[in-house]
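For reference, the structure is listed below as structure tokens.
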Amino acid sequence: MQLYQQQQIKIHNSLTGKKEIFKPINEGHIGMYVCGPTVYSNVHLGNVRTFMSFDMIFRYLKHLGYKVRYVRNITDAGHLENDADTGEDKITKKARLEQIEPMEVVQRYTVDFHNILNTFNFLPPSIEPTATGHIIEQIELIKTIIDNGFAYEVNGSVYFDVHKFNKSHEYGKLSKRKLDDLIHNTRALDGQSDKKNPQDFALWKKAEPQHIMRWPSPWSDGFPGWHLECTAMSTKYLGEQFDIHGGGMDLKFPHHECEIAQNEAAIGKSPVNYWMHANMLELNGQRMSKTTGNTVNPDELLSGNNKFFSKAYAPSVIRFFIAQSSYRSVLDLTDEGLLASEKGFFRLMDAINLLETLKASDKSTIDIQAWKKACYDAMNDDFNSPILIAHLFDAAKYINQVKEGQASVTSEDLKVLAETINTFTFDILGLENVTKKESGTDKLSGAVDLLIKLRQEARANKDFALSDKIRDELAEVGIQLKDGKEGTTFSVN
RNA sequence: GGCGUCAUGGCCGAGUGGCUAGGCAAAGGUCUGCAAAACCUUGUACAGCGGUUCGAAUCCGCUUGACGCCUCCA
């Protein structure tokens with residue numbers, strides 16, 4: 001019996017705008033695709049937030065016993081800079097700017113991306129395919145769409161015929177747009193386009209002579225269009241229809257809309273059962289933007305080397321901060337917010353670290369099974385991590401109460417409590433117990449225990465000058481002493 | 001201009017047609033040699049204006065404001 005057979009998940013489906021009971025296509029198996037980064041610059045913090053949300057979702061689904069194939073692509077083929085035919089590939093542009101090979105740019109920023117995600121304790125996806133590794137699949141997909149009559153070739157480029165598609169299908173159903181509205185609101189393009197209609201989008205672009213990234217195709221030496229790679233790779237690894245497709249809110253239109261259109265045009269089926277969109281991350285109440293300077297890189301946030309934040313924050317603190325809001329809400333990144341989360345985070349860690357010191361009684365003063373169920377209920381409700389965290393704090397309070405002798409727990413319940421809180425905090429939220437030192441722990445705690453003992457003696461002798469000196473100077477090097485009923489413990493900040 | 005999302009206490013941030021979210025901050029108390037930590041107690045919030053309802057902050061309409069997409073962007 002797997003856990004998922006006892007838990008019923010609800011997911012907010014962008015397609016319907018409602019929370020729906022989640023039912024995978026194949027029982028016990030889940031296919032999940034998330035649009036990955038374009039590796040032409042350092043990974044964006046907002047990007048990290050989105051992937052972190054899906055990392056948590058991936059972790060929870062796995063915890064429930066599902067066999068999850070999680071595919072997150074790397075876009076390394078570059079997207080067009082604009083609609084015009086003179087549009088330059090983003091990656092090519094950067095390469096020229098920096099006088100290096102396109103694939104060198106891709107390599108550098110792919111490594112950066114992985115480094116950042118590792119720092120944040122991400123689980124790797126099951127498959128991380130690259131767009132350049134799937135050119136053949138994309139060409140085959142274009143052929144099929146042309147054969148089905150939904151694309152046309154002009155001067156070596158191939159475009160998706162949105163108007164024709166819309167006659168038999170519903171273009172815009174994900175983003176709730178009507179083609180008529182789009183027609184009336186499309187700006188006039190500068191220069192000439194080969195497209196029949198401005199709403200059409202490229203499946204294949206003929207490469208200009210100076211364009212370095214290019215592949216042969218039946219139509220021209222060129223490169224695939226913006227939206228094609230995700231369709232090709234999701235179909236290849238997850239099948240024509242799969243369970244969950246995620247990404248940032250800003251990808252809803254046109255990117256995801258076009259993915260649906262490509263799938264329906266090629267295969268005749270809508271590819272995804274549950275579309276999930278993570279909301280935006282703001283910095284001090286405003287969208288992050290390189291042009292206005294209102295932006296901070298993940299490594300700058302982690303190092304504290306930036307002008308927005310008063311200090312460096314541990315990766316788990318940032319993770320905790322993000323988990324304290326719902327993935328569907330706009331989240332405002334501020335120094336105050338991070339400071340508040342940091343305090344809460346360490347309070348939670350301190351409580352968890354007290355678990356092994358708790359003494360069991362013959363009676364529990366809370367209903368541990370009800371608490372455990374509440375944790376699952378929170379995550380089952382569209383992965384509501386803020387509610388889960390509220391329950392974790394309830395447990396922290398309970399742990400402290402038991403420690404203080406104001407509450408009690410049976411050894412059986414203590415086991416359930418410890419197991420559950422560890423599972424949700426570390427396995428599912430992906431937090432790391434940073435107050436526990438990995439190496440040198442024994443030596444450090446041996447030394448601090450000695451100081452604690454000396455301080456005890458000083459206090460017994462009423463030599464408070466000495467005892468306070470030990471306490472205060474330890475605090476200065478980041479070691480906080482905590483006097484409790486059972487003696488003194490310490491934590492390292 | 002079009003489409004969409006959202007407006008919650010000092011701050012952050014959930015949720016809900018009638019019953020405590022939670023965190024941070026604040027105040028009082030317990031403990032302590034004094035502190036810190038921990039625990040206990042306290043705050044009665046839901047943009048404005050109408051409407052539906054026995055009852056709405058929660059549903060509907062309008063107004064105002066913020067944000068996203070419509071052009072690469074998670």
Side-chain angles (χ1 to χ4, degrees), chain A residues 14 17 34-38 40-41 43-54 78-84 87 89-90 93 172 175-178 180-187 189 199 226 246-255 257 277-282 285-290 320-321 324-326 328-334 336-345 347-348 350-351 354 378 381 384-394 396-397 399-401 403-407 459 462-464 467-468 471-472 475 480-485 488-491:
Chain A
S14 304
V34 173
C35 292
T38 303
Y40 66 88
S41 66
V43 61
H44 187 100
L45 244 191
N47 221 157
V48 171
R49 186 211 179 177
T50 298
F51 298 146
M52 204 176 271
S53 299
F54 287 104
H79 285 167
L80 283 174
E81 193 105 60
N82 57 46
D83 246 6
D89 186 301
K90 245 183 180 173
K93 187 175 180 188
S175 54
K176 315 277 189 287
R177 274 160 223 249
K178 300 247 179 303
D180 285 347
D181 295 336
L182 290 172
I183 292 167
H184 291 133
N185 290 298
T186 304
R187 292 183 205 172
L189 291 166
Q199 293 75 37
W226 322 351
M249 200 75 121
D250 49 353
L251 291 184
K252 213 187 220 182
F253 188 88
H255 184 61
E257 203 67 73
H277 289 96
N279 217 140
M280 302 290 110
L281 182 69
E282 293 180 349
Q286 290 187 300
R287 71 169 279 180
M288 291 197 207
S289 154
K290 275 177 197 158
F320 187 70
F321 173 77
Q324 271 186 302
S325 87
S326 149
R328 286 200 291 127
S329 297
V330 174
L331 178 59
D332 189 17
L333 188 68
T334 62
E336 281 178 319
L338 282 173
L339 245 18
S341 286
E342 184 180 54
K343 287 200 118 177
F345 171 72
R347 202 163 81 81
L348 180 62
D350 286 347
L354 279 179
D381 184 12
N384 196 326
S385 52
I387 294 290
L388 169 65
I389 289 172
H391 295 315
L392 296 180
F393 275 114
D394 287 343
K397 184 184 259 193
I399 290 166
N400 285 322
Q401 284 174 336
K403 180 76 183 172
E404 295 284 313
Q406 296 173 20
R459 291 174 74 191
K462 300 235 190 282
D463 183 358
F464 298 124
S467 70
D468 288 356
R471 178 224 286 160
D472 297 341
Q480 190 195 17
L481 299 186
K482 298 172 182 179
D483 296 331
K485 285 207 164 60
T488 302
T489 58
F490 73 96
S491 69

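Nucleotides G48(B) and A66(B) are separated by 15 Å at their C1' atoms, to the nearest Å. Straight-line distance between the P atoms of G50(B) and A57(B): roughly 12 Å, to the nearest whole Å. On the C1' atoms, C3(B) is 25 Å away from U58(B), given to the nearest whole Å. G61(B) and C70(B) have their P atoms separated by 27 Å, with the value rounded to a whole Å. Taking atom C1' in both C67(B) and C31(B), the straight-line distance is 48 Å, to the nearest Å. Nucleotides G65(B) and A25(B) are separated by 27 Å at their C1' atoms, to the nearest Å. Going from the C1' atom of C39(B) to that of A74(B) covers 43 Å, rounded to whole Å. Rounded to whole Å, the P atom of G17(B) lies 15 Å from the corresponding atom of A56(B).
Both stacking criteria are satisfied for Phe464(A) over the base of G33(B): a centre-to-centre distance under 5.5 angstrom and an angle between ring planes under 30 degrees.
Residue Arg471(A) places a side-chain atom within donor-acceptor reach of the base of A35(B), judged by atom type and a 3.5 Å distance cut-off alone. For A35(B), its base sits under 3.5 Å from the side chain of Asp483(A) at one donor and acceptor pair at least. For Arg177(A) against C70(B), a side-chain-to-base donor-acceptor contact under 3.5 Å is absent. For Asn384(A) against G15(B), a side-chain-to-base donor-acceptor contact under 3.5 Å is absent.
A salt bridge is defined here as a Lys NZ or Arg NE, NH1 or NH2 lying under 4.0 Å from an Asp or Glu carboxylate O, and Asp350(A) with Arg347(A) fails to meet this definition. The pair Arg287(A)-Asp250(A) fails the salt-bridge criterion, with no side-chain N (NZ, NE, NH1 or NH2) lying under 4.0 Å from an Asp/Glu carboxylate O.
Checked against C39(B), A14(B), C70(B), the side chain of Gln401(A) finds its nearest nucleotide in C39(B). Closest to the side chain of Leu281(A), from the set A74(B), U32(B), G22(B), is A74(B). The listed nucleotides are C72(B), A14(B), C24(B); the one nearest the side chain of Ser326(A) is A14(B). When distances run from any side-chain atom of Thr38(A) to the nucleotides G22(B), A74(B), C72(B), the shortest one goes to A74(B). For Phe393(A), taking side-chain heavy atoms from C-beta onward, the closest of the listed nucleotides C69(B), A37(B), G22(B) is G22(B).
Among the protein residues, Glu282(A) comes within range of the sugar-phosphate backbone only, with heavy atoms under 4.0 Å from sugar or phosphate atoms but none that close to a base. Backbone-only engagement by Ser175(A) is indicated by non-hydrogen atom pairs under 4.0 Å involving sugar-phosphate atoms exclusively. Contact annotation for Asn279(A): base contact, defined as any heavy-atom pair under 4.0 Å involving a base atom. Residue Arg459(A) is classed as a base contact, given a heavy-atom separation below 4.0 Å to a base. If you check every strand for non-hydrogen atoms under 4.0 Å, Gly337(A) touches nothing. Within 4.0 Å of Lys176(A), counting heavy atoms only, lie sugar-phosphate atoms of the nucleic acid but no base atom.
One interatomic measurement links the two molecules: NZ of Lys462(A) to P of C34(B), which rounds to 10 Å at whole-angstrom precision. Distance CE (Met280(A)) to P (C67(B)): 14 Å, rounded to an integer number of Å. Following rounding to the nearest Å, Glu404(A) (CD) and U32(B) (P) show an atom-to-atom distance of 11 Å. When the C1' atom of C11(B) is taken as reference, atom CD of Glu336(A) falls 6 Å away, rounded to whole Å. We find that CZ of Phe490(A) is positioned 18 Å from P of A37(B), with the value rounded to whole Å. A straight line from CG of Leu392(A) to P of G22(B) spans 14 Å, rounded to a whole angstrom. Rounded to whole angstrom, the span from the NE2 atom of His277(A) across to the P atom of C67(B) amounts to 22 Å. Rounded to an integer number of Å, the gap from Leu333(A) CG to A74(B) P is 17 Å.
Shortest non-hydrogen contact noted between Phe54(A) and Ala278(A) is CE1-CB, 4.3 Å. The shortest non-hydrogen separation linking Thr50(A) to Gly248(A) is CG2-N, 3.9 Å. A pairwise comparison of heavy atoms in Leu348(A) and Ala396(A) identifies CD1-CB, 4.1 Å as the closest pair.
The backbone N or O of Asn279(A) lies less than 3.5 Å from a partner atom in the side chain of Arg49(A), making a donor-acceptor pair. Checking side-chain atoms of Ser341(A) against main-chain N and O of Leu338(A) turns up no donor-acceptor pair under 3.5 Å.
For A14(B), the OP1/OP2 oxygens have a side-chain nitrogen or oxygen of Ser329(A) closer than 4.0 Å. The side chain of Arg328(A) contributes no N or O atom lying less than 4.0 Å from OP1 or OP2 of A74(B). Taking only side-chain nitrogens and oxygens, Lys482(A) never comes nearer than 4.0 Å to OP1 or OP2 of A38(B). For Lys397(A), a side-chain nitrogen or oxygen approaches OP1 or OP2 of C40(B) to under 4.0 Å. For the OP1/OP2 pair of G68(B) and a distance below 4.0 Å, the side-chain nitrogens and oxygens of Arg287(A) include at least one atom meeting the criterion.
In terms of position on RNA chain B, the residue among Thr334(A) and Asp381(A) whose nearest nucleotide sits closer to the 5' end is Thr334(A). Residue-to-nucleotide proximity on RNA chain B shows that, of Lys252(A) and Ile389(A), the 5′-proximal contact is made by Lys252(A).
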Mind running side-chain contact (heavy atoms from CB on, under 4.5 Å) on Met288(A) and His44(A) for me, showing each step along the way?
CA-CA 9 Å; Met288(A) 291 197 207; His44(A) 187 100; 4.0 Å; yes

Applying salt bridge (Lys or Arg N to Asp or Glu O under 4.0 Å), run through Arg471(A) and Asp468(A) and close with a yes or a no.
CA-CA 5 Å; Arg471(A) 178 224 286 160; Asp468(A) 288 356; 3.4 Å; yes

Check against side-chain contact (heavy atoms from CB on, under 4.5 Å), Ile387(A) and Asp381(A)
CA-CA 10 Å; Ile387(A) 294 290; Asp381(A) 184 12; over 6 Å; no

Starting at the 5' end of RNA chain B, what dot-bracket string do you get if Watson-Crick and G-U pairs under 3.5 Å are bracketed, crossing pairs use [ ], other-strand pairs use | and unpaired bases use dots?
(((((((..(((.....[...))).(((((.......)))))....(((((..]....))))))))))))....

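In this structure, Lys176(A) places its NZ atom where more than 12 heavy-atom neighbours from other residues, nucleotides or ligands lie under 6.0 Å away. More than 12 heavy-atom neighbours from other residues, nucleotides or ligands sit within 6.0 angstrom of CD on Glu404(A).
Of the candidates Thr489(A), Thr488(A), Asp472(A), Leu481(A) forms a side chain to side chain contact (heavy atoms under 4.5 Å, CB included) with just one, namely Thr488(A).
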Short heteroatom pairs, N/O only, protein and nucleotides 19-21 of chain B, under 3.5 Å:
none

